Amino acid sequence: MTNICYFLRNNNSLLFCFFLVALIPIVTCPSDIVLVGTPSNVTWDPPTVVDDTDLGLIANCTPSSGSLFPAGPTTVTCTATDSVNNTGECNFAVQFIDEGM
């Protein structure tokens with residue numbers, strides 16, 4: 001949570017308002033992956049997640065690491081949702097270039 005505080009000076013009085021704002025998780029994906037050869041299972045390091053509400057969030061990727069990827073490009077989307085239902089996401093590409101092309 002991020003603390004927000006506004007101050008207003010009215011004559012000799014100081015007025016303020018204080019509230020909390022929960023920001024979306026920041027999800028950072030791996031770089032695009034380009035492979036030459038026969039389509040196969042691909043793994044990658046997990047995305048990093050930084051959140052002001054929860055520590056230790058883990059991003060879920062679709063398709064997941066270890067999945068079989070076909071020839072051509074495939075977009076992988078990784079999302080993380082914190083305990084106040086804010087969701088962050090990132091995308092990266094996995095591309096197999098057929099060595100016969």
Side-chain angles (χ1 to χ4, degrees):
M1 296 276 196
T2 300
N3 296 321
I4 305 289
C5 194
Y6 288 102
F7 294 93
L8 173 66
R9 186 171 292 280
N10 183 9
N11 296 327
N12 290 328
S13 298
L14 182 62
L15 307 171
F16 67 94
C17 175
F18 178 77
F19 56 97
L20 298 174
V21 176
L23 304 175
I24 66 169
I26 298 169
V27 184
T28 304
C29 279
S31 298
D32 291 347
I33 300 170
V34 178
L35 302 166
V36 177
T38 306
S40 64
N41 297 72
V42 180
T43 60
W44 54 82
D45 290 333
T48 60
V49 182
V50 177
D51 186 57
D52 66 339
T53 302
D54 299 316
L55 297 175
L57 284 180
I58 297 173
N60 294 309
C61 299
T62 304
S64 61
S65 180
S67 295
L68 176 63
F69 284 79
T74 301
T75 299
V76 178
T77 301
C78 301
T79 60
T81 302
D82 63 20
S83 61
V84 293
N85 287 326
N86 289 323
T87 300
E89 73 173 34
C90 64
N91 299 291
F92 67 100
V94 174
Q95 181 171 2
F96 263 103
I97 299 172
D98 188 336
E99 58 193 347
M101 297 180 110

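Sequence positions, counted from 1, serve as the residue numbers for this chain. Everything numeric here is computed off the predicted structure, so don't read it as measured data.
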**Q** Are the side chains of L35 and V42 in touch, meaning some heavy atoms are under 4.5 Å apart?
**A**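 Yes; the side chains approach each other to less than 4.5 Å.
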**Q** Can you see which heavy atom on D51 is nearest to which on I24, and at what distance?
**A**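 It is OD1-C, 3.9 Å.
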**Q** Consider only side-chain heavy atoms of I, L, V, M, F, W and Y, link residues closer than 4.5 Å, and tell whether F96 and I33 are in one cluster.
**A**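 Yes, it is one cluster - the side chains of F96 and I33 are joined through contacts under 4.5 Å.
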**Q** Quick check: closest heavy atoms across T53 and S83, and the distance to 0.1 Å?
**A**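 It is CG2-OG, 3.5 Å.
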**Q** Say whether V27 and F92 are linked into one hydrophobic cluster, either directly or through other cluster members, by side-chain heavy-atom distances under 4.5 angstrom.
**A**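 Looking at the clustering, F92 is in a separate group from V27.
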**Q** side-chain contact (heavy atoms from CB on, under 4.5 Å) with T48: which residues, sequence neighbours excluded?
**A**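 For T48, the residues satisfying side-chain contact (heavy atoms from CB on, under 4.5 Å) (neighbours in sequence not counted) are T28.
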**Q** Output yes when a side-chain donor or acceptor of S67 lies under 3.5 Å from a complementary backbone atom of S64, and no otherwise.
**A**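 Present.
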**Q** Provide the closest heavy-atom pair for N41 versus L68 in the form atom of the first, atom of the second, distance.
**A**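 Shortest heavy-atom contact: ND2-N, 3.7 Å.
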**Q** Around atom CD1 of I26, are there more than 12 heavy atoms from other residues, nucleotides or ligands closer than 6.0 Å?
**A**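 Counting neighbours around CD1 of I26, 12 or fewer heavy atoms of other residues, nucleotides or ligands fall under 6.0 Å, so no.
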**Q** Could you list the residues that satisfy side chain to side chain donor-acceptor pair (under 3.5 Å) with T81, not counting sequence neighbours?
**A**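 Listed in chain order: T87.
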**Q** What's the separation between atom OG1 in T79 and atom CG in N60, rounded to the nearest 0.5 Å?
**A**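 Answer for the OG1-CG pair, T79 versus N60, is 5.5 Å.
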**Q** Please report the shortest heavy-atom distance between C78 and P47, naming the atom on each side.
**A**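 That closest heavy-atom pairing would be SG-CG, 3.6 Å.
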**Q** For a 4.5 angstrom cut-off between non-hydrogen side-chain atoms, does I97 reach V34?
**A**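 In contact.
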**Q** Measure the spacing between CH2 of W44 and CG of D32 and express it to the nearest 0.5 Å.
**A**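 W44 atom CH2 to D32 atom CG measures 11.5 Å (nearest 0.5 Å).
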**Q** State, yes or no, whether a side-chain contact exists between T77 and T62 at a heavy-atom distance under 4.5 Å.
**A**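 No, too far: nothing below the 4.5 Å cut-off.
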**Q** Considering only heavy atoms from C-beta outward, does the side chain of F69 approach that of S40 to under 4.5 Å?
**A**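 Of all side-chain heavy-atom pairs linking S40 with F69, none is under 4.5 Å.
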**Q** Is C90 disulfide-linked to C29, taking SG-SG under 2.5 Å as the test?
**A**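 Their SG atoms fall under 2.5 Å; a disulfide, then.
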**Q** Looking only at non-hydrogen atoms, find the nearest pair between P25 and V49 and report the distance.
**A**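 Heavy-atom minimum between the residues: CB-CG1, 4.0 Å.
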**Q** Can you list the steps and then say if N91 with T75 is a side-chain hydrogen bond (donor to acceptor under 3.5 Å, both in side chains)?
**A** CA-CA 7 Å; N91 299 291; T75 299; over 6 Å; no
